[in-house]
Number of protein chains: 2
Amino acid sequence: MRDVAIIGVGQTKVGEHWDVGLRHLALEALQAAMADAHVTRADALYVGNMLSGELTGQEHLGALVADFAGLRGIEAVKIEAACSSGAAALRMGYIAVAGGMADIIFVVGVEKMTDTLGPDATTALAMAADADYEAAQGISFVALNALLMQRYMYEYGYRRQDFAPFAINAHRNASHNPYAMFDFSVTTERFAQAPMICDPVSLLDSSPICDGAAAVVLAPADVACTLSSTPVRIAASAIGTDALALHDRRDPLVLDGARLSTQRAYEQAHVTPQDIDLFELHDAFSIMAALSLEAAGFAERGEGVRLALEGEIALDGRVPIATMGGLKARGHPVGATGIYQIVEVVQQLRGLAGENQVVNAYRGMAQNIGGSGATVVTHILERME
Amino acid sequence: MRDVAIIGVGQTKVGEHWDVGLRHLALEALQAAMADAHVTRADALYVGNMLSGELTGQEHLGALVADFAGLRGIEAVKIEAACSSGAAALRMGYIAVAGGMADIIFVVGVEKMTDTLGPDATTALAMAADADYEAAQGISFVALNALLMQRYMYEYGYRRQDFAPFAINAHRNASHNPYAMFDFSVTTERFAQAPMICDPVSLLDSSPICDGAAAVVLAPADVACTLSSTPVRIAASAIGTDALALHDRRDPLVLDGARLSTQRAYEQAHVTPQDIDLFELHDAFSIMAALSLEAAGFAERGEGVRLALEGEIALDGRVPIATMGGLKARGHPVGATGIYQIVEVVQQLRGLAGENQVVNAYRGMAQNIGGSGATVVTHILERME
């Protein structure tokens, strides 16, 4: 096994891209990453995507994106793990380079959620839950998260308002990220008045439905320095899983898949939570951010929200999260999100995060969650010096 | 890179399984493979599947199958490459074991095409074609294959009837395979009278819509002999791609993706077509069988059908194909097919193919095709002695 580095990153602006399709979004991100890495060929292309079939009538994205990007003939497949499809695709690329099967690999995460043919996005997203025992009852992802948030508030005594810092932090950071979907700021007053979607989850607890693509170029670490002036090493790559259905979990308020995934990543990188300079977590809903902080060891059980209330999730806090806007404000094109997180950690480690720069960022962690915690993919990235 | 072996295989009977769901099919195949390999744990589970979202409203099969199989917590993802999803999942498992990332890996291919929620199977299958430029015009997979077959007949002077040997051979072999969907035999007369689906593709040129799952257990070759008395080595694993849309191809009657994929496999295994004792090819339609034989080097351009007419595709022919019934008669539960092919080659190499045994089978090739040739996954397996 050899070390693997990221030598190029690219992304499209997240938003409602009514004028372009899946292949165009993927191409734009891929071309940006290829230009950043100064490479034009690869041994394989792995595409992370969840809903291309349901929403746009297109499966078979591996070969499609490969051909459209001028890479006809190359090995190409799509990886799906619900909302963690992007990071799962990166993991497959990491395994191929680390094991010596490939030298250069392109990984692109892409999702097109507007201008759809089939079911609406909310119905399609419910396919990440247990179709027979959850979705068949009519429950959506917002509702599943509402159950978790309700239970969290009941068990630990928080008010709805206590979750405001997650949205405020994400929107503040997104306002300085030109690739983010939203550039408006959120205040505690605005949060309090946000339209309710599924009590207690309001509009400002929720990430938006949107389109986007992000891409990275992987290479063996030992040649990365000759190819890039700012390579970033993948110090850990891990997946942990759990039951899909909330009612099948050991404890709905403990993300066991995230605990497993994070623990495996810490072991691989030989680090502890204290060594992580920033944490791009999966804040699809505020409650997921709180539970992720706890599962990753940054807060005790029931203390994730307190960490946010104490300001520790800000850029200068103990564990900066959503540093470029997170899922909440950069946007959450589901199968692309895991790669956006990686692109943003790389920007931080390169010192190119502008107004959002975490000072002296040396090691960042990205965690991409599928379903309400059933697949959790964690990567730890480090600056190479 | 180390050698990888298959130490266990399992499969469900292919058919219309109205009484069970995706997870049950996957479990049955996986448990059979685990029992065959005498292992109960793995480092990862890779699931090959194409249409679980569209047809049964369930994405996120990696974590779902892992949990249902008692493997909660394990690394698990789904791999999609249209009808070549099964073999693509095997390739991901192969890469992980060959590179040293994992020791034991479970790979399961599963598809549930009856009792569906969403679009009919024909509409869903068209998602393997180019959604914007082919499927949007209303063309189905049968129609795409009819275009190819029509052109093939026109260019090389064959009659529809000349394709009969493919169906006759597949059905003869399926009648001795207890896991096959069909046990009736086909004669030239019956082929001639088969209902026309899309001229010149008749019912007996087409593989059926059905349900099924197949699974394999992978291990490093050097320990395989201690775990299994009949391990089979994966001598080659390769993917080649092409444009999705027929009109974008260099030449519609040449499967460039298959040529690339097969060539890469031959190079890895250091063999030529003459060294292959049996070839489980992707006979989703008769024309695909003919084009595959040509792309893999068993026949010159336009001679694939002649090879069949001359009896060379039979069990005692020059290149036995569909030895357990093929896609045509064993059945084609799309995302599972690639693993069924592997299971069948393993049976042949173990000498357990019964009435269908290819004498002295030492090396078999399996080729799984996505779309009308846009993703082609080839594996070459060898007996270990």
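Hydrogens, waters and symmetry mates are skipped; everything else that's a heavy atom, side chains included, is used. Chain naming here is simple, since letters A, B, ... match the order of the sequence lines and numbering starts at 1 in each.
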Contact leader toward chain A among [options], where contacts are heavy-atom pairs under 4.5 Å:
options: Ala98(B), Ala126(B), Gly53(B), Ala44(B); answer: Gly53(B)
options: Leu64(B), Leu260(B), Leu51(B), Leu22(B); answer: Leu64(B)
options: Leu117(B), Asp242(B), Val377(B); answer: Asp242(B)
options: Ala76(B), Gly21(B), Gly62(B), Gly257(B); answer: Ala76(B)

Could you tell me whether Asp256(A) and Arg72(B) make a salt bridge, using a distance below 4.0 angstrom between a side-chain N and a carboxylate O?
no
Closest approach of [X] and [Y], non-hydrogen atoms and distance?
X: His60(A); Y: Ala128(B); result: ND1-O, 2.9 Å
X: Ala63(A); Y: Ala374(B); result: CB-O, 3.6 Å
X: Gly57(A); Y: Ala131(B); result: O-CB, 3.3 Å

What part of [X] gets within 4.5 angstrom of chain A, counting heavy atoms only: side chain, backbone, both, or neither?
X: Leu61(B); value: backbone
X: Asn49(B); value: neither
X: Thr56(B); value: backbone
X: Ile95(B); value: both
X: Ala135(B); value: neither
X: Met101(B); value: both
X: Arg264(B); value: side chain
X: Phe68(B); value: neither

Asp130(A) side chain reached by Gln58(B) side chain, heavy atoms, under 4.5 Å
yes
Beyond-backbone contact of Ile74(A) with Thr241(B), side-chain heavy atoms, under 4.5 angstrom
yes
Counting only N and O atoms by type, is there a donor-acceptor contact under 3.5 Å from the side chain of Glu80(B) to the main-chain atoms of Val77(A)?
no
Heavy-atom pairs under 4.5 Å with chain B - which of [options] has more of them than the others?
options: Ala238(A), Ser84(A), Gly99(A), Cys83(A); answer: Gly99(A)
options: Ser85(A), Gly240(A), Ser52(A), Ala243(A); answer: Ala243(A)
options: Ala88(A), Ala66(A), Gly370(A); answer: Gly370(A)
options: Leu71(A), Ile79(A), Val376(A); answer: Ile79(A)

Select one option (side chain, backbone, both, neither) describing which atoms of Ala124(A) are under 4.5 Å from chain B's heavy atoms.
neither
So what's closer than 4.5 Å to chain B heavy atoms on Arg259(A): side chain, backbone, both or neither?
neither
Using the rule given for side-chain contact (heavy atoms from CB on, under 4.5 Å), can you reason through Arg23(A) versus Leu244(B), listing the C-alpha separation, both sets of side-chain angles and the distance that settles it, and then say yes or no?
CA-CA 12 Å; Arg23(A) 70 186 87 196; Leu244(B) 261 64; over 6 Å; no
